[in-house]
Amino acid sequence: MALPHDYVERVYAGVLGKIIGVYLGRPFEGWPYARIMHELGEINYYVHEKRGVPLIVTDDDITGTFTFLRALPDYGNTLALTPAQIGRTWLNYLIEERTILWWGGLGNSTEHTAYLRLKHGIEAPRSGSMALNGKVVAEQIGAQIFIDGWAMVAPGDPALAADLARRAASVSHDGEAIYGAQVLAAMEALAFVEPDIHKLLDTAVTFIPQDSVIYRMIGDLRAWRATTPDWREAFGLLAEHYGYDKYGGNCHMVPNHGLIVLSLLWGDDDFQKTLMIVNTCGWDTDCNSGNVGCLMGIKNGLAGLDAGPDYRGPVADRLYLPTADGGRAITDAVTEAYHIINSGRALAGEAPLAPKNGARYHFDLPGAVQAWLPENSIESKGTLTLDNVAGHSLLGARSLALRYRGVATGRPARAATATFIPEEAANMPGYGLLASPTLYPGQTVRARLSADGDNHTPVTCGLYVRFYGDGDRLQRAAGPGSILAPGAAHEFTWRIPDMDGDPIAEIGVEISSAERADGVVYLDYLTWDGAPDVTLTRPGHIGTLWQRAWVNGVDQTSFWGETYRLIQNESVGLLMQGTREWTDYRVAADVTPHLVKSAGIAARAQGMRRYYALLVCFEGEPRTSKIRLVKVLHDTITLAETEFPWTFGETHTLALEVVGATLRAWVDDAPLFTATDEDHAFVGGAVALVCEEGRTATNVVTIQPVAPSN
């Protein structure tokens, strides 16, 4: 599979199109056409302010799309990936009743039904089969809404995209739902190299049965397009022949797939008009709009997104992915695009891309701001605008221009990006935002800034962070600064200091001057690395966001009494914090089990079913206790164990060190095990407190970096 020459930018445009489409359609999801026209009119632009809701939201369509695709890298980016492995990916990243899905119950929510099948050992594709779940449940819309990523890793190869779509969709769906997903995936894959909608449809329908409803409906829509120029009249025909009244369940695939095809046929190849049609018609607006936006983004590229109103500016690349991998919840369209790109490159036998030596914020795609925003505080409001420009980079092609005006004493210009739950997202409606911070004390931040040569006045540039302190109010901590004369550049290095356990909410750049200054400073890149050096415990002030820095995969938690009390009614629960960028480190915690099957600590956690753990395990009657070092890779593998006398209510300190493929364990500072994971399954990941069937408590968790041995 040869990759198109513009693969990177088209994937980025597809990701942007997806999230723009979802944000357009989300505020009136489920509304019928008549209500939309009465209350909002044609949907030509964002309407969130009219509805009094945020623009950037957590949404199952976005989170599922960019999460279930992780089956590819998690299983080695192989074309042999199976539906069963994709199903195991669901179990790893989903937290029951909390993340990604509509948890509507068995037989009511298709995805929840499939999750319960998977949870009870029924693997895909049987988990989503019509034979097990019935025709109506199996043919709902979810197979389509999560499918875009599988197309974007198969650019120009619609057959592969349709096959991957079948595998992924079969985890939860069957029948017409799979056919719709295959058609959409094939169209998106071919759109990398073919701009004509009719040719996309001609190819896509070859992958589904000719006697299917989806095949017949697409044929009808194309026939109507030849005789019916008005999309409203066409929508009436679609509703009459393929509407919700014809198909059962909560949100059937057939009507909504029809709306996608209708908007593409009547949209005149225009991004704004196509999205207007699919949103104004109603039904499952955010799902349909997201799929259409992605396809149009891929097909027409960034230029197509920018041809009409400014859809990209308000979004600023922002998206949230709340899953059991909390370190990737606060992310951006560029970052997610490169995850997809590198899976696509791996499938094509190509090496991964890492712009500017893998910098987290590299701005190396046209228009990319990577969720950086001007600060809107009283002292800084109106002093700064941001845009992406060519040049001003040592290692790449582009940079972020910080254009400041009226900077003077008491009027600094500031721009920042979120590293944890932003203030405006703290009470997210609908799907909650589960997230861990991405930046921690002990990590080293590196950034390069340069001043435009046409500036007239030197300015002081510096880094800063803001963190949630007393009362969950944001407080600022200043980092290193440097005076930049016109044309000068400076590379900053800053080891983040101790924050007393308070979560870091954002990192930013400040521009200040004692006399009025107007000009431009360019941010080439900003990144950080290393494991943290941090103690996590109850802070000495009031607030709750320190608790929310832990991604909660436990049935019940309490932060009163002991700092962390975990209660798990059945199976295994994890309370997790950290990111996959943490590689070599030591985690230690006091553990006090109460009526529990096992409890302890985990390292390099990558979700609910991918981690190393050091556990005290209680077994048999009379009860005996062992300390066990395990690797959980869907199933549990014991790496080492020993008997250890531990009674309920008794406290001991467990410590687990992970360096390369070597694991070392201690109890109360006494060495227990040294083991090697020959598969080196987990290169990096978060820490976690673990509880299996019962109650356990911990007061203090420490994480310290460990240098890899030579």
Tell me which donor-acceptor pairs under 3.5 Å the side chains of residues 420-434 have, and how far apart each pair is, sequence neighbours excluded?
residue : atom : partner : partner atom : Å
Y431    : OH   : D60     : OD2          : 3.4

Kindly give the heavy-atom pair with the smallest separation between [X] and [Y], and that separation in Å.
X: A71; Y: W150; answer: CB-CH2, 4.3 Å
X: E111; Y: G142; answer: OE2-CA, 3.1 Å
X: Q568; Y: D555; answer: OE1-N, 2.9 Å
X: T78; Y: L72; answer: O-CD2, 3.9 Å
X: D286; Y: D59; answer: OD2-OD2, 2.9 Å
X: R166; Y: D163; answer: NH2-OD1, 2.6 Å

Measure the spacing between [atom1] of [X] and [atom2] of [Y] and express it to the nearest 0.5 Å.
X: L101; Y: E96; atom1: CG; atom2: CD; result: 10.0 Å
X: L633; Y: D635; atom1: CG; atom2: CG; result: 8.0 Å
X: T535; Y: M499; atom1: OG1; atom2: CE; result: 14.0 Å
X: C251; Y: E29; atom1: SG; atom2: CD; result: 7.5 Å
X: T82; Y: Y75; atom1: OG1; atom2: OH; result: 7.5 Å
X: M576; Y: W550; atom1: CE; atom2: CH2; result: 10.0 Å

Checking [X] side chain against [Y] main chain: does a donor-acceptor pair fall under 3.5 Å?
X: T527; Y: R360; result: yes
X: Q140; Y: N250; result: yes
X: R318; Y: V57; result: no
X: S172; Y: A114; result: no
X: Q443; Y: G530; result: yes
X: R604; Y: V683; result: yes
X: T323; Y: L94; result: no
X: D590; Y: T698; result: no
X: S129; Y: L132; result: yes
X: R695; Y: V596; result: no

Residue pair [X] / [Y], side-chain heavy-atom distance below 4.5 Å:
X: T417; Y: D332; result: no
X: F559; Y: T544; result: no
X: T438; Y: W528; result: yes
X: P437; Y: Q577; result: yes
X: H173; Y: T110; result: yes
X: T67; Y: T99; result: no
X: S436; Y: T579; result: no
X: L474; Y: F467; result: no

* Audit row: R586, D533, salt bridge (charged side-chain N to carboxylate O under 4.0 Å, His left out) steps and yes/no -> CA-CA 10 Å; R586 173 188 170 115; D533 188 351; over 6 Å; no

When the side chains of residues 608-624 are checked against the rest of the protein, which donor-acceptor pairs come out under 3.5 Å, sequence neighbours left out?
residue : atom : partner : partner atom : Å
R610    : NE   : Q606    : OE1          : 3.1
R610    : NH2  : Q606    : OE1          : 3.2
Y612    : OH   : D677    : OD2          : 2.5
E619    : OE2  : R628    : NH1          : 3.0
E619    : OE2  : R628    : NH2          : 3.0
T624    : OG1  : E619    : O            : 3.3

Result of checking [options] against [X] for side chain to side chain contact (heavy atoms under 4.5 Å, CB included):
X: S127; options: V171, L116, T113; answer: V171
X: V701; options: L575, I601, L689, T563; answer: L689
X: M130; options: V137, V136, D174; answer: D174

Do [X] and [Y] have a side chain donor and acceptor closer than 3.5 Å?
X: S343; Y: N77; value: yes
X: R117; Y: N133; value: yes
X: D502; Y: H541; value: yes

* To do: Please test F682 against R580 for side chain to side chain contact (heavy atoms under 4.5 Å, CB included), starting from the C-alpha separation and ending with a verdict.
  => CA-CA 9 Å; F682 313 125; R580 287 210 186 187; over 6 Å; no

* Asked: When you look at CD of E570, are more than 12 heavy atoms from neighbouring residues, nucleotides or ligands closer to it than 6.0 Å?
  -> no

* **Check against side chain to side chain contact (heavy atoms under 4.5 Å, CB included), R565 and W560** => CA-CA 8 Å; R565 179 182 292 184; W560 305 107; over 6 Å; no

* To do: Mind telling me whether W582 and Y440 have parallel, tilted or perpendicular rings, with 30° and 60° as the class edges?
  => perpendicular

* Salt-bridge contact E336-K18 (side-chain N to carboxylate O under 4.0 Å) -> no

* Asked: Do the charged groups of D74 and R88 touch, with an N to O distance under 4.0 Å?
  -> no

* Residues D61, R26; criterion salt bridge (charged side-chain N to carboxylate O under 4.0 Å, His left out); working and verdict -> CA-CA 10 Å; D61 308 344; R26 176 65 184 274; over 6 Å; no

* Asked: Stepwise, does the salt bridge (charged side-chain N to carboxylate O under 4.0 Å, His left out) test hold for D325 with R70?
  -> CA-CA 11 Å; D325 185 6; R70 299 182 201 180; 3.4 Å; yes

* Could you go through the side chain to side chain contact (heavy atoms under 4.5 Å, CB included) check for D500 and D498 one step at a time? => CA-CA 6 Å; D500 293 325; D498 181 57; 3.2 Å; yes

* To do: Check W103, W102, Y93 against Y115 for a ring pair (Phe, Tyr, Trp, His ring centres under 6.0 Å) and give me the one that passes.
  => W103

* side chain to side chain contact (heavy atoms under 4.5 Å, CB included) evaluation trace for L656 with L629 -> CA-CA 9 Å; L656 177 59; L629 179 63; 3.7 Å; yes

Enumerate donor-acceptor pairs with a distance under 3.5 Å from any side-chain N or O in residues 667-675 to protein atoms, sequence neighbours excluded.
residue : atom : partner : partner atom : Å
D668    : OD1  : T653    : N            : 2.8
D668    : OD2  : H652    : ND1          : 2.6

